[in-house]
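One structure is given here, and the rest of the page talks about it.
Indexing begins at 1, ligand by ligand and atom by atom, following the structure's order. When reading the values below, keep in mind they use all heavy atoms of this one structure, side chains included, and skip hydrogens, waters and symmetry mates. We count residues from 1, following the sequence as given.
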Amino acid sequence: MRRNAALFLIPLALSAQAIQYSESSRVWLLTTRQSSYAVGIAADGAVRHLYWGAPLWRMDDLPPAAARRDLSSFDPRQMLENEEFPGWGGPRYYEPALKVTRENGDRDLVLKYASHRIQGNDLDIALKDIRDDIQVTLHYTVYPEHGILRRNATIRNGTAHPLTIESAQSAAWYLPPGDGYQLTYLTGRWAAETQLNREPIHEGMKVLESRKGHTSHNFNPWFAIDRGDAGEENGRVWFGALAWSGNWRITVERTAYRQVRVTGGFNTFDFAYPLKPGETLDTPLFYAGFSESGFGGASRTLHRFEREEVLPGGKESRLRPVLYNSWEATTFNVNEAGQKELAEKAARLGVELFVMDDGWFGKRNNDRAGLGDWFVNPQKFPQGLKGLIDHVNGLKMDFGLWVEPEMVNADSDLYRQHPDWVIRFPDRPRSELRNQMVLNLARADVKEYIFGVLDKLAGEYHIRYFKWDMNRAVSEPGWPELAATEQRKLWVDYVRNLYEIVDRLRARHPQLEIESCSGGGGRVDLGILQRVDEVWPSDNTEAFDRLRIQEGFTQAYAPKIMSAWVTDVPNMNGRSTPLVFRFLTAMQGALGIGANLNRWTQQDSDVATRMIALYKRIRATVQTGDLYRLSSPRTNDVTVNQYVSPDGKQSVLFAFRHSQEYNTAAPVIYLRGLDERALYRVEAVDGKLLDRQPQLSGAYLMRAGINVNLRGDFDSTAVILDRL
Ligand code: DGJ
């Protein structure tokens with residue numbers, strides 16, 4: 001990785017600019033430290049994709065976008081031409097980037113180059129339909145140091161008549177010509193999110209999507225494509241992540257002409273966005289990159305980019321504190337005395353942020369009532385939240401509060417006052433999942449109400465952190481107050497208003513931090529990550545399942561934002577794992593505790609105190625370092641993950657044995673990312689290192705490897721390496 005990075009500096013040093021344009025060939029070349037991307041204008045004015053892969057530096061190497069010939073009357077040239085942002089028009093039969101219907105029923109759209117503008121690392125290419133004033137501006141932002149390219153599009157109706165947009169994508173990406181491509185992607189369901197899949201890309205189309213109004217547990221908007229030869233640390237990987245927390249879609253298509261193309265943006269399912277004359281529609285941001293260091297290299301690139309360019313505060317943002325959350329301990333049975341008792345116990349362990357979960361408001365004694373009534377329950381908290389918050393702050397912890405602002409129970413004052421605020425088709429049955437309905441956040445009055453509620457809470461109380469939950473998806477997506485032709489704006493406007501609320505809240509309360517939760521990992525994507533500090537990857541806190549969930553999660557998302565709790569056993573699957581195993585699993589992200597501390601023995605508390613102290617020693621490395629997934633829980637009886645701090649001074653290795661068989665020793669672990677000439681002081685949790693030398697060289701650690709003494713079921717250790 002380091003060697004490659006040095007090589008990649010050559011092209012940038014030679015070309016200095018991240019974006020170059022050649023007047024003679026009419027080609028743009030966009031370059032980062034680990035990738036290049038080229039686009040050109042063809043003789044007929046179409047803007048075509050030319051190249052995506054390892055860095056290039058010489059403009060003159062790139063030929064102009066060439067004219068193609070029809071292969072037959074059934075195989076027109078357009079099918080071979082790799083248009084950068086194809087409209088649906090002419091003989092184009094692949095997935096379009098834009099499809100419109102005009103008022104008179106015309107649906108043909110052929111986009112040609114109009115103009116362009118380069119400003120620093122931003123490139124805008126304007127396209128226009130061959131007849132009508134339907135304009136599309138393609139936006140490109142190059143992050144040269146991060147190896148990332150960002151794209152999206154703005155569609156403008158410059159005509160005098162309304163348009164309906166039926167498909168609006170952010171980008172189409174073309175893989176280099178070739179065979180044998182494989183697609184890697186994340187799937188799941190509630191309590192089983194971010195499961196890793198890899199399969200050949202066959203002719204036809206594979207659809208990754210959400211139709212649920214949130215990002216969804218079922219697919220996550222991330223992909224990686226390789227030539228079938230990439231591994232965790234080797235091979236070329238093209239990857240991308242879409243920043244949208246509503247209905248999104250990524251199609252991976254292999255045409256009859258052996259071209260693999262990836263198109264992504266708003267989901268076309270149930271999509272019809274009306275655009276009046278003069279109006280515009282911005283499509284979601286789509287980030288992509290290229291790595292020559294396998295899936296590990298791809299995810300390290302994304303992690304660094306997220307930490308430094310996506311998350312609020314970027315590089316300046318603080319390390320995630322150790323958190324306690326009351327949910328699994330108390331569920332809805334929260335009250336001042338009980339929470340204070342838990343807070344005292346949490347503080348003694350070294351917890352830094354105490355979060356009270358569901359149950360504190362309205363008539364919220366179970367999941368059948370209260371959502372929407374965001375006033376403190378006077379029976380549970382007779383003096384409001386101040387008593388509890390002062391107590392928590394007095395224990396030197398910050399206070400966090402659970403909210404689920406988008407939802408309402410039928411049994412709530414809010415619903416009794418505003419039954420028209422929920423998403424519904426009138427006179428049709430409506431689904432009440434978890435006994436709740438979704439407020440129509442696309443409405444301006446609902447948006448203002450929700451903002452007002454949260455703004456008031458954050459203003460009235462010393463709240464450092466909101467855990468923002470969303471416990472059901474959208475269904476029966478009607479907006480009866482609007483004309484039928486306008487109603488489907490809901491899918492887009494809902495998400496925009498969600499983003500606006502969070503942005504305004506953060507602007508008004510700069511100290512406020514937010515966790516994105518949607519019944520676990522239902523809302524994790526680069527759109528929400530621009531606005532939140534951490535996410536809840538899954539309601540499944542069972543440590544062995546978590547190892548696999550975390551393996552998938554870290555393909556796309558940085559460990560820093562991966563909230564992970566230690567909870568009680570037996571947990572999901574009826575499984576019990578030792579407390580140290582649970583701690584080490586959770587310490588690979590943003591450590592939290594979700595156990596019922598009232599049931600812990602002194603011995604449990606001692607283990608927790610020791611592990612939290614250890615976590616504080618290594619958390620900067622875990623949260624801001626490079627992650628190497630050395631051994632996968634899907635294919636091995638051990639899981640091993642290693643983190644290396646950005647300055648290389650510390651590395652931490654986590655090793656988990658799931659189930660020993662035939663008395664076999666755990667495999668040798670070969671470390672990565674160390675300085676081969678340096679010496680490291682080596683220390684293992686519970687002395688589970690068979691190598692007894694107190695110091696080892698980087699060369700030895702990476703080439704000869706280390707041996708951990710993990711035996712039986714669910715044994716684990718962590719090895720801390722401090723460079724001397
Ligand atoms: C679902 C979340 O994922 C849980 O952590 C918890 O906050 C519950 N909702 C509360 O209702």
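Checking only distances, R364 never comes within under 3.5 Å of ligand 1, N or O to N or O. Looking at W327 next to ligand 1, no N or O pair under 3.5 Å apart turns up. Residue C517 places no N or O, backbone or side chain, under 3.5 Å from any N or O of ligand 1.
The closest protein non-hydrogen atom to atom 3 (O) of ligand 1 is D539 OD1, 2.3 Å. The protein non-hydrogen atom at the shortest distance from atom 9 (N) of ligand 1 is D469 OD2, 2.7 Å. Looking at atom 6 (C) of ligand 1, its nearest protein heavy atom turns out to be D357 OD1, 3.4 Å. The closest protein non-hydrogen atom to atom 11 (O) of ligand 1 is D358 OD2, 2.7 Å. Ranking protein heavy atoms by distance to atom 5 (O) of ligand 1, first place goes to K467 NZ, 2.7 Å.
For E404, the closest heavy-atom approach to ligand 1 does not fall below 4.0 Å. Using a 4.0 Å cutoff on heavy atoms, M470 does not count as a contact of ligand 1.
Under the 6.0 Å cut-off for aromatic ring centres, F223 and Y185 do not qualify, their centroids lying 6.0 Å or more apart. Note: F361 and F375 fail the aromatic proximity criterion, with ring centroids not under 6.0 Å apart. For F656 and F714, the ring centers sit 6.0 Å or farther from each other.
Residue N325 does not touch ligand 1, judged by heavy-atom distances below 4.0 Å.
The atoms of ligand 1 that sit less than 4.0 Å from any heavy atom of G520 are 3 (O).
A distance-only check finds a donor-acceptor pair linking the side chain of H303 to the backbone of T554 [under 3.5 Å]. A donor-acceptor pair under 3.5 Å is absent between the side-chain atoms of N497 and the main chain of K447, judged by distance alone. A donor-acceptor contact shorter than 3.5 Å links the side chain of Q555 to the backbone of E551.
With W565 as reference, W536 is the one residue of W536, Y324, W327 to meet the ring pair (Phe, Tyr, Trp, His ring centres under 6.0 Å) rule. Under the side chain to side chain donor-acceptor pair (under 3.5 Å) rule, K212 has a single partner from N247, N267, N218, which is N218.
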